[in-house]
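Just so it is clear, the structure is predicted and the values come from calculations on it, not from any experiment. Every number for a ligand or one of its atoms is a count from 1 in the order of the listing.
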Amino acid sequence: MSTSTQPEKHTFQAEVQQLLDIVINSLYTDREIFVRELVSNASDALEKLRHIQLTEKEVFDDRLPLEINISTDDTANTLTIQDFGVGMTRDELLENLGTIAHSGSKAFLQAIRESGGKNENLIGQFGVGFYSAFMVAKRVKVYTRSWRKDETGWCWTCEGAGSYELEAAEGQRRGCKIVVELKDECKEFAGADRVREILRRYSSFVQFPINLNGDKVNTVQALWLRSKSEISDEEYTEFYKFAANAFDEPRYRLHFSADAPIAINALLFTPRDNPERMGFGRVDPGVALYCRKILIDHHPKALLPEWLRFLKGVVDSEALPLNISRESMQDSALVQKLNRLLTKRFLKFLEEEAEKRPDGYAEFFGRFGFFLKEGAATDFTHREQLTKLLRFESNLTEKDKLTSLTDYVSRMKEGQEEIYYLSGPSREAIESGPYLEAFRARNLEVLYLYEPVDEFVMNNLHEFEGGKFASADQADLKLDDAPSPASGDALDEAETTELCRWMRDVLGERVADISPGKRLVESPALALKADKMMTPTMRRMMKAMNEEFDDAAKVNLEINPRHSLIKKVASLRRSDENLAKLVAEQIFDNALISAGLLEDPRRIVDRVYQLLEAATGQQRPTPDSEPEPPSKGAAGKKESPDD
Ligand code: ADP
Ligand code: MG
């Protein structure tokens, strides 16, 4: 490089040097973003040139392609970034690179605006990005030649401390060539692979071709900025695969833009299947944040609520300051605004899908419903919208068909105040359990909950459109009188009370309360949780955590005074109390089994043998505990020999 004059030395102002130190040491989290900044500047310079080419007749080197060429040299330890953009005159060099916090781009934008034009493609607004190169450079050289015909070339050299040099440089092409001479500990940035990775991450969507050592790097288009009608399904899918690093086809996509309250363009996808369900552990947020096609953060946590972590895609907002480091990005009010806007929009999208294509939505819900449930239980802001998107099976739906809560409420009976649900591992398990019959007999709808998270959701929601959520196996539910089954008379009230008291004595500690149940239709008895909060799922969890956990005493028993077996026990207890005791105990254990509450099945085996023997008339039964006391007034057949 021949120079025509002696280099001139310039000194930074003291406060400029201070600012430079801040930029170098603490503005950015990742050193690698200096590449993004220099490429952004190159892109800005090309964008400016394109604009100028439209208005000016005389442009130096007019034929040069609008592209960015990057080369690495791991012997010389340099990274060179060249663009054929506007370049800089001597004065511009002094002004733009000699002064921190003076942004030429900003001034340029201003000028365009004043002339009534508009250019949204300029990235830099803060005038500090260039200096990020000094995080990795021991020296930066900027060779440049302005687009103006009668200018000359210049070389600006700086080591990041105190001063910089300026000298004339002959034979320059239009634009800027920035040679970053790397510090020893930053050699990695002279490696082609490393630089390609950085370019792909941050600059994939820059609108001008970026060539790295001769190969084009940015082959994917910034689809989100194009108009929907121009984009084919294939392009969307290809983009999804790129953005999500995925192999599947997206299930849903939402492409939209908004002007208020913030200008954004967003392109969001849901994968086909839920990776968390497929055993891949918790997924990381997958929507990247861009500002005018330049990546700001790959996985900004605060951009979407936790429960939307399954979304993939891109959000681009030109309102974002590019030169903000990630930490400060997280809690910025702007990101919160974006979060609200995106969440609302996505929920609206789901509502529309649920309405227009319910089958597709049901399929989506089957795979991703877990996230919506998580949101409904934890995200107060969006609870209402989310709750409406939940779907369940019920006794009124067919197997595998789902109902919304809104539809449930529309089917609620006159005077029904509660939304009933039952938990169980499957439809079959719930329907063969003892709790449903009372509701079935009264034509009441009961939602089926198959997953532990469902109960968690119900407990958190409490109610929906005035209906309180209530587990159908709760003891304190008030149901209307059941339509009387045809099978006839019940025990009268006095007898029933007497029987309950007697059973209390027989069952002792194991039962909290015994009462005549109104809800029973077909079963002789029903075990109910005395403790509302202690759902079967909860119990299983408690037991898993603590082996000692025991709530066996917390069961209420409802007996069915209309059931023939109960009526038999009532009379048998006078004729053969020991046998009656065995039957009562077995009825209780059967109820526990049906309710999934039986702790220790071993005692049953012994008792059933005794009952079998009694039934086959071999031997007089004895109660579990004490040795047989001769029963007083018992008129069993066994006594007949004494007659
Ligand atoms: P910003 O990009 O936010 O304006 P920078 O510190 O990145 O701030 O750059 C400062 C200024 O230097 C830019 O505004 C621009 O005027 C000038 N500049 C930087 N890189 C180039 C380039 N490759 N070509 C022309 N001008 C450039
Ligand atoms: Mg910049």
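Environment of NZ in K216: crowded, with over 12 heavy atoms of neighbouring residues, nucleotides or ligands closer than 6.0 Å.
One option in L46, N41, I81 has a heavy atom closer to atom 2 (O) of ligand 1 than any other, and that option is N41. Among M88, E95, K48, the residue whose heavy atom sits closest to atom 26 (N) of ligand 1 is M88. Among N96, T144, I68, the residue whose heavy atom lies nearest to atom 12 (O) of ligand 1 is N96.
The ligand atoms of ligand 1 that sit less than 4.0 angstrom from a heavy atom of C176 are 22 (C), 23 (N), 24 (N).
Polar contact check, F130 against ligand 1: a nitrogen or oxygen pair lies under 3.5 Å apart. For the pair D83 and ligand 1, the shortest N or O to N or O distance falls below 3.5 Å. Considering backbone and side-chain atoms together, E37 places no N or O closer than 3.5 Å to any N or O of ligand 1.
Residue pairs meeting the ring-ring contact (aromatic ring centres under 6.0 Å, His included) criterion with at least one member in residues 156-178, sequence neighbours excluded, are H10-Y164, F12-Y164, F130-W156, W156-Y164. The ring-ring contact (aromatic ring centres under 6.0 Å, His included) pairs that include a residue from residues 179-199 are F34-F189, where partners are two or more places apart or lie in different chains.
Checked by atom type, the side-chain pair D233/T237 shows no donor-acceptor distance below 3.5 Å.
In this structure, T144 contributes its side chain and G175 its backbone to a donor-acceptor pair below 3.5 Å.
For S40, every N, O or S atom stays at 2.8 Å or more from the Mg ion (ligand 2).
Comment: E188 engages R31 in a salt bridge, judged by a side-chain N to carboxylate O separation of less than 4.0 angstrom.
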